[in-house]
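Every value quoted in this text rests on a predicted model; they were computed, and no experiment measured them.
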Amino acid sequence: MPNDAHLLFADHVGRFYARQYGFPPMAGRLLGYLFVCDPPRQSIDELGEALLASRSAITGAVKLLENFGMARRTRTAGERMDRVSLNPDSRQPQNFDGALHQEHAALFREGLALLADAPPERRAPLAEMVALAEFLAERLPRLVDEWQAHRDGLRASGQLTDPPRTAPHREVVPDDQA
């Protein structure tokens with residue numbers, strides 16, 4: 001069972017993700033709990049008991065976190081239930097893909113084309129969004145490279161540990177994800 005500090009942390013994460021990203025509070029709480037729970041792989045029932053939530057609330061939160069690449073469900077060979085854990089890949093910077101921002105810029109250029117005959121002040125918000133998206137498309141990939149070099153330095157100095165990339169169990173893809 002989690003202690004009060006773990007649940008308080010999960011609540012803080014839930015409120016932050018609800019406020020900043022529009023997540024349902026349960027999804028944020030689940031994410032926070034997955035960071036601190038022991039063992040790090042929990043069944044839906046264990047998560048529901050720990051977070052005082054229904055099985056359907058936990059299942060919905062897991063699905064949302066899976067869609068964002070933040071959590072994953074796995075099943076050990078021979079087990080009949082899924083286990084939920086953080087997705088190790090979720091610690092990689094999100095939305096730093098230049099192609100995403102290039103697509104964003106293209107969408108706003110499409111809006112600008114619709115307003116081709118409009119006065120400059122009407123076009124200004126879209127023009128600024130195009131400029132921002134193009135700026136991000138150019139700069140963010142370099143920032144990811146800088147972060148990875150910084151992280152590697154922190155790992156080399158022992159300030160960060162390299163999380164295991166594979167679980168010590170044989171994973172089976174759940175039937176509903178095959």
Side-chain angles (χ1 to χ4, degrees), residues 6 8-42 47 58 60-75 82-113 123-174 177-178:
H6 290 155
L8 185 60
F9 173 74
D11 286 342
H12 290 168
V13 173
R15 283 195 297 274
F16 175 82
Y17 274 80
R19 184 179 69 249
Q20 293 298 322
Y21 303 111
F23 275 34
M26 180 52 66
R29 288 182 67 219
L30 176 60
L31 179 63
Y33 185 66
L34 288 173
F35 273 108
V36 297
C37 67
D38 187 29
R41 294 175 58 243
Q42 305 259 325
L47 292 167
I58 296 296
V62 168
K63 286 180 182 178
L64 184 130
L65 293 176
E66 284 178 313
N67 287 338
F68 280 95
M70 300 169 122
R72 66 180 180 170
R73 274 190 278 189
T74 56
R75 188 178 301 155
D82 294 340
R83 299 261 175 202
V84 179
S85 63
L86 289 174
N87 182 352
D89 295 331
S90 71
R91 288 184 279 279
Q92 297 303 311
Q94 303 295 313
N95 297 326
F96 279 59
D97 180 7
L100 172 75
H101 297 287
Q102 288 171 348
E103 184 177 352
H104 205 189
L107 285 171
F108 288 124
R109 279 193 293 278
E110 181 180 334
L112 276 174
R123 295 170 46 87
L126 284 167
E128 188 166 332
M129 292 304 294
V130 168
L132 173 61
E134 289 173 343
F135 175 82
L136 292 173
E138 177 189 331
R139 301 292 288 277
L140 288 177
R142 287 186 280 178
L143 188 58
V144 169
D145 292 342
E146 288 177 34
W147 157 246
Q148 290 170 342
H150 180 72
R151 182 197 58 206
D152 291 347
L154 292 171
R155 286 180 177 165
S157 71
Q159 294 177 32
L160 289 178
T161 58
D162 193 5
R165 298 300 296 164
T166 57
H169 63 280
R170 184 172 162 223
E171 293 181 7
V172 176
V173 175
Q177 294 180 5

Stepwise side-chain contact (heavy atoms from CB on, under 4.5 Å) test for Phe23 and Phe68: CA-CA 11 Å; Phe23 275 34; Phe68 280 95; 3.9 Å; yes
query: Taking the side chain from Arg123 and the backbone from Leu112, do they hold a donor-acceptor pair closer than 3.5 Å?
result: yes
- Hey, does His101 have a side-chain heavy atom less than 4.5 Å from the side chain of Arg139? no
*asked:* In the structure I gave you, are the side-chain heavy atoms of Arg75 and Asp82 within less than 4.5 Å of one another anywhere?
replied: yes
Please report whether the ring centroid of Phe9 lies less than 6.0 Å from that of Phe35. no
message: Checking Gln42 against Val84 for the side-chain contact (heavy atoms from CB on, under 4.5 Å) test, could you report, in this order, the C-alpha distance in whole Å, the side-chain angles of both residues, the deciding distance, and whether it holds?
response: CA-CA 5 Å; Gln42 305 259 325; Val84 179; 5.6 Å; no
Scanning both residues in full, the closest heavy-atom pair of Leu64 with Ala27 reads CD2-CB, 3.8 Å
message: Ring centres under 6.0 Å, that's the criterion: do His12 and Phe16 meet it?
response: no
Worksheet item: Heavy atoms, side chains only, cut-off 4.5 Å: are Ser85 and Arg72 in contact?
Response: yes
>> Is there a side-chain contact between Leu47 and Leu34 in this structure, where contact means two heavy atoms from C-beta onward sitting under 4.5 Å apart?
In response: yes
Evaluate the side-chain proximity of Leu31 to Leu86: yes if any heavy-atom separation is below 4.5 Å, no if none is. yes
Would you call Met70 and Asn87 a side-chain contact if the rule is heavy atoms closer than 4.5 Å? no
Interatomic distance, NE2@His150 vs CG@Asp145, rounded to 0.5 Å, equals 14.5 Å
